[in-house]
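Proteins come first, then strands; the chains are lettered A, B, ... in the order of their sequence lines, and each starts at number 1. Any value given below was found using the heavy atoms of this structure, including those in side chains, with hydrogens, waters and symmetry copies removed.
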2 protein chains.
Amino acid sequence: MQIGELASATTTKVTTIRFYEEIGLLRRPARTASGRRTYGLSDVDRLNFIRNSRRLGFSIDEIRSLLALADQPERDCSEATDIASRHLADVEERLRQLGALRDELASMSAAGCCAKTMAECRVIQAIARPVA
Amino acid sequence: MQIGELASATTTKVTTIRFYEEIGLLRRPARTASGRRTYGLSDVDRLNFIRNSRRLGFSIDEIRSLLALADQPERDCSEATDIASRHLADVEERLRQLGALRDELASMSAAGCCAKTMAECRVIQAIARPVA
DNA sequence: ACCCCTTTCTACAGCCACTAGAGGATTTAG
DNA sequence: CTAAATCCTCTAGTGGCTGTAGAAAGGGGT
């Protein structure tokens, strides 16, 4: 399998695959005589794992750890679950902050600014107000 | 007022102020004989506006537009409210996506992974599953 | 006058996770 | 045989800063 096929099998861009190789997330594959990368089914699995992790918001470093752990099947899996639950806590925190932000923006918009001039625009005034 | 005082008056880092000047968000200030930047109260206002906008998640480009509009007091303010409501819609969209992500992560964690080996770690398996 | 510490200056590199483009080689289809 | 697609390497750009190096200037105490 060449890089393009791997890309479409995993809905990844070709450049991204080469990038993952460069930063060491994917192993350097064998090459054809002319220098083209060749991949196997295990590479599809590994790349799918990486893409799913990214979709779930794991950082490259977290993925590196998860992959390293997954490569040691006999090992205790508590480290992996730790990474995941820490990530969940992060997401919940961001969710709370974003919710607060939404409320702030929504109340700004709700104040309304019915076709007046910039000089008395309430939205601008709301932004300009120092942090409460 | 020198740059350090402006920084502490707006809880901004000195380097960030210089960065905002470089990208044109803040005007180039007057300098002392020895080349130090000097600021006035209007710079405090402008920088506070910028910092509040960032805190609300507006991009630098959006802030540039908002500032340009705010500088024309007689102008109709519909453009400014448009920027704000578009931003609110963006935030709500991200909020939805992040909520879905949290649910996915939470159900992963809920599956539990009680001290087993990596080989049968459910979290790892959940991540590896192709996109449903 | 001297010393030292802090602030300020410029200019540049680094962060994250890619993405895009130049410019060339090779492969495949018609 | 040619044209299009795919591949290669290398470099630079994105956003929003942050951090560093090395130098100059300012202020306070002895």
Side-chain angles (χ1 to χ4, degrees), chain A residues 1-26 28-39 43 46-67 83 87 90-91 94 97-98 101, chain B residues 1-39 43 46-67 83 87 90-91 94 97-98 101 127:
Chain A
M1 192 191 318
Q2 291 198 356
I3 199 169
E5 201 180 339
L6 175 61
S8 56
T10 57
T11 56
T12 309
K13 298 199 176 173
V14 166
T15 46
T16 305
I17 295 176
R18 287 196 280 248
F19 168 72
Y20 286 159
E21 179 185 328
E22 197 175 286
I23 63 172
L25 271 195
L26 291 175
R28 326 208 140 207
R31 304 273 189 141
T32 67
S34 67
R36 299 194 169 194
R37 292 165 175 84
T38 53
Y39 298 95
D43 296 301
R46 192 176 176 94
L47 185 48
N48 270 330
F49 184 90
I50 295 170
R51 296 308 287 173
N52 281 333
S53 302
R54 287 294 301 139
R55 193 179 53 83
L56 292 169
F58 290 96
S59 73
I60 297 286
D61 261 6
E62 286 170 330
I63 298 172
R64 226 187 285 274
S65 303
L66 289 173
L67 282 171
I83 292 173
H87 182 57
D90 277 6
V91 167
R94 270 194 292 151
Q97 288 183 358
L98 203 56
L101 176 58
Chain B
M1 194 190 314
Q2 291 199 355
I3 199 169
E5 200 179 341
L6 176 62
S8 56
T10 57
T11 55
T12 309
K13 298 198 174 172
V14 168
T15 45
T16 306
I17 295 176
R18 287 196 281 250
F19 169 73
Y20 285 160
E21 179 185 328
E22 196 177 287
I23 63 172
L25 270 195
L26 291 175
R27 320 161 180 123
R28 327 210 138 208
R31 303 274 189 140
T32 67
S34 67
R36 301 193 168 193
R37 291 166 175 83
T38 53
Y39 297 96
D43 296 301
R46 192 176 176 93
L47 185 48
N48 270 330
F49 185 90
I50 294 170
R51 295 307 287 172
N52 281 331
S53 302
R54 288 294 301 140
R55 194 179 54 82
L56 291 169
F58 289 96
S59 72
I60 298 287
D61 262 6
E62 285 170 331
I63 298 172
R64 227 188 285 275
S65 303
L66 289 173
L67 282 170
I83 292 174
H87 181 58
D90 277 5
V91 168
R94 270 193 293 152
Q97 288 183 358
L98 204 56
L101 175 58
I127 298 174

First and last nucleotide of DNA chain D in contact with chain A, 5' to 3', at under 4.0 Å to a heavy atom: what are they?
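Result: D/dT6 to D/dT9.
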Would you please name every residue forming a salt bridge (charged side-chain N to carboxylate O under 4.0 Å, His left out) with [X], sequence neighbours left out?
{"X": "A/R36", "result": "none"}
{"X": "B/R51", "result": "none"}
{"X": "B/R94", "result": "none"}

Using side chain to side chain donor-acceptor pair (under 3.5 Å) as the criterion, list what pairs up with [X], not counting sequence neighbours.
{"X": "A/T12", "answer": "A/T10"}
{"X": "B/R37", "answer": "B/E21"}
{"X": "A/T16", "answer": "none"}
{"X": "B/Q2", "answer": "none"}

If you pin A/T32 and A/F19 to their nearest nucleotides in DNA chain C, which one's is more 5'?
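It is A/F19, whose closest nucleotide lies nearer the 5' terminus.
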Please examine the side chains of A/D43 and A/P29, heavy atoms only from C-beta on, and report whether any two atoms are closer than 4.5 Å.
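Side chain of A/P29 against side chain of A/D43, heavy atoms only: no contact under 4.5 Å found.
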Assign each of B/F58 and A/E22 to its nearest nucleotide of DNA chain D by heavy atoms, then name whichever residue's nucleotide is nearer the 5' end.
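Looking at DNA chain D, the more 5' nearest nucleotide goes with A/E22.
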So which pairs with a foot in residues 22-34 of chain B pass salt bridge (Lys or Arg N to Asp or Glu O under 4.0 Å), sequence neighbours left out?
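Checked against salt bridge (Lys or Arg N to Asp or Glu O under 4.0 Å) - neighbours excluded - no pair reaches residues 22-34 of chain B.
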Does anything in residues 2-17 of chain A come within less than 4.0 Å of DNA chain D? Heavy atoms only, and list the residues if so.
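Listed by number, they are A/Q2, A/I3, A/G4.
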Which part of the nucleic acid does A/R18 contact within heavy-atom distance under 4.0 Å: base, sugar-phosphate only, or nothing?
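A/R18: base contact, heavy atoms under 4.0 Å.
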Categorize B/R51 for me: base, sugar-phosphate, or nothing, with a 4.0 angstrom heavy-atom threshold over every strand shown.
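Since only primed, P, OP1 and OP2 atoms lie under 4.0 Å of B/R51, the category is sugar-phosphate.
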First and last nucleotide of DNA chain C touching chain B, 5' to 3', heavy-atom cut-off 4.0 Å?
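The contacted stretch runs from C/dT7 to C/dT10.
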Restricting to ring pair (Phe, Tyr, Trp, His ring centres under 6.0 Å), what partner residues turn up for A/Y20, sequence neighbours left out?
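Ring pair (Phe, Tyr, Trp, His ring centres under 6.0 Å) list for A/Y20, sorted by chain: empty.
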